[in-house]
2 protein chains.
Amino acid sequence: MPRTLLERPDAVRALAGVFRRRGFESSSLSVIQQEAGIGRGSLYHFFPNGKKDMARAVLDQVRAWFEDEVFAPLRAATDAVEAVSAMTKAVADYFVSRENVCLFAAMTLGEEKETFADEVKAYFVDWVDALAALLQRGGLTLEDAHENALDAVAGIQGGLILTRAYGDESTFLGITGRVERRLLARLS
Amino acid sequence: MPRTLLERPDAVRALAGVFRRRGFESSSLSVIQQEAGIGRGSLYHFFPNGKKDMARAVLDQVRAWFEDEVFAPLRAATDAVEAVSAMTKAVADYFVSRENVCLFAAMTLGEEKETFADEVKAYFVDWVDALAALLQRGGLTLEDAHENALDAVAGIQGGLILTRAYGDESTFLGITGRVERRLLARLS
DNA sequence: CAGATCCTGTACTTTTTGGTACAGGTTGAA
DNA sequence: TTCAACCTGTACCAAAAAGTACAGGATCTG
């Protein structure tokens, strides 16, 4: 039988693509097989508990990316202005190259809502808190920093929705640009 | 055979509730039957083409509500400050009483994405354009008005996501409150 | 009260679903 | 070269899915 030298991370990546394109609930095993190019045997080899395992693996991978490329830099930064710019650039590039879909946001809808509620909450809390702490270091009060961080993340997420609705991606880039500008304006 | 005097608008309302709670894709006919209290016979009587018809009917009803309660008042308003406040109040009340879910936003994800792309786009375009026109009447430039309208709608939509993720609804109210404040600040 | 229309439950068919079993090829280490 | 661990396709299964058919009760018109 053929062998494709498939590593688990590759499988997870392919799965993420399918979930972003079709949504988690409506990605049936047959669709996944076909679109990700992974046979049923391999799927259950890598993810013994089926779709639930697949979703968890995909979410973990996304989270790891954000942890490394967004949250950690935000926490480590000393220059708030530079860190805010770096964050918006990283995030904008990420979502534009991934169908303008945030899988964590998608997980706040649908059947599995409850199953992943903790992971989803942790993702957003980490993001908002890391940004808020940075803004605080940049001179904002605790409350002001937290509100501005929430508004920024909400703006980005809403930007993804509008961009998908409009069917372009300039809408998203425009909105994230202004989110960044608003943040920078608060850093005197 | 029993008779429940079910009118179509009632059925649509019940359907909307199910779709908001479980998501469109994972609402099977049996789930709908059970949760909406509508038998299979009635379902196919009112919606001959199955789930697709149901989704369209629900979307139409939501759209009609926004048209009457949000878009039209926005277009008719002469007092921009008052109209902005009325909009945020109406929208906040609406989503809080409906599981913090925007069905049009949900439709930018998943399998039926393409099927309803036009309706979804029209909903957001109408909202953004009505608000932008109002802001322009309030003294903003064309471009400035459009950008602020986009940012406001994005903020509201992102607020819904964050509120669902956080599992409270004060997050949403806080975000919409600041969206309103930011809009009012632009109206000199 | 007669008759047409409308609404609804039940039972049914067909297709698709997620999940299992497993044989057999591939690979890497000894 | 041998052997175990690993990966993968195929065939299969039970359950659940969407959708159909239809009889018959409810309702309204006149």
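The chains referred to below are lettered A, B, ... by the order of the sequence lines, with proteins before strands, and numbering in each begins at 1.
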Colleague: Over how many whole Å does the gap from B/I38 atom CD1 to C/dT8 atom P extend?
Modeller: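 Going from B/I38 (CD1) to C/dT8 (P), I get 8 Å.
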Colleague: Under the rule for salt bridge (Lys or Arg N to Asp or Glu O under 4.0 Å), what residues qualify as partners of B/K89, not counting sequence neighbours?
Modeller: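 Testing B/K89 for salt bridge (Lys or Arg N to Asp or Glu O under 4.0 Å), a comparison that skips the adjacent residues, returns B/D93.
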Colleague: Starting from P on D/dG19, measure out to CZ on B/R40 and report it in whole angstrom.
Modeller: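 For the pair B/R40 CZ and D/dG19 P, the rounded distance is 9 Å.
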Colleague: Determine all donor-acceptor pairs shorter than 3.5 Å in which one atom belongs to a side chain in residues 179-188 of chain B; sequence neighbours excluded.
Modeller:
from   : atom 1 : to     : atom 2 : distance (Å)
B/E180 : OE1    : B/T88  : OG1    : 3.0
B/E180 : OE2    : B/S85  : OG     : 2.9
B/R182 : NH2    : A/D151 : OD2    : 3.2
B/R186 : NH1    : B/D144 : OD2    : 3.3
B/R186 : NH2    : B/D144 : OD2    : 2.5

Colleague: Rounded to whole Å, how long is the line connecting atom NZ of A/K51 with atom P of C/dT17?
Modeller: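 The distance from NZ of A/K51 to P of C/dT17 comes to 9 Å, rounded to the nearest Å.
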Colleague: Under 4.0 Å, heavy atom to any atom of DNA chain C: which of residues 22-35 of chain B qualify?
Modeller: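 Close to the strand, none.
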Colleague: Pairs of donor and acceptor atoms involving the side chains of residues 159-166 of chain B, under 3.5 Å and at least two apart or interchain, shall be tabulated with distances.
Modeller:
from   : atom 1 : to     : atom 2 : distance (Å)
B/T163 : OG1    : B/F172 : N      : 2.6
B/R164 : NE     : A/T108 : O      : 3.4
B/R164 : NE     : A/T108 : OG1    : 3.2
B/R164 : NH1    : B/N100 : O      : 2.7
B/R164 : NH2    : A/T108 : OG1    : 3.0

Colleague: How long is the line joining CZ of A/F47 and C1' of C/dG19, in whole Å?
Modeller: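 Rounded to the whole Å, the gap is 16 Å.
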Colleague: For residues 136-160 of chain B, which residue pairs pass the ring-ring contact (aromatic ring centres under 6.0 Å, His included) check, not counting sequence neighbours?
Modeller: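 Listed by first then second residue: nothing to list.
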Colleague: Take atom OH of A/Y44 and atom C1' of C/dA23, then tell me their distance rounded to the nearest Å.
Modeller: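 Rounding to the nearest Å, OH of A/Y44 and C1' of C/dA23 are 20 Å apart.
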Colleague: Once the angle between the rings of B/Y123 and B/W127 is folded into 0 to 90°, is it parallel (under 30°), tilted (30 to 60°) or perpendicular (over 60°)?
Modeller: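 Plane angle over 60°, so perpendicular.
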Colleague: Grab the NE2-P distance between B/H45 and D/dA21 for me, whole Å please.
Modeller: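 Whole-Å distance recorded here is 16 Å.
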Colleague: Can you tell me how far P of D/dT20 sits from CG of B/D53, to the nearest Å?
Modeller: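 It works out to 11 Å between those atoms.
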Colleague: Could you give the side-chain donor-acceptor pairs of residues 55-71 of chain B under 3.5 Å, partners two or more places apart or in another chain?
Modeller:
from  : atom 1 : to     : atom 2 : distance (Å)
B/R56 : NH1    : B/E119 : OE2    : 2.4
B/R63 : NH2    : B/D126 : OD2    : 2.3
B/E67 : OE2    : B/R75  : NH1    : 2.8

Colleague: Tell me the interatomic distance from B/D10, atom CG, to C/dC7, atom C1', rounded to whole angstroms.
Modeller: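 It works out to 14 Å between those atoms.
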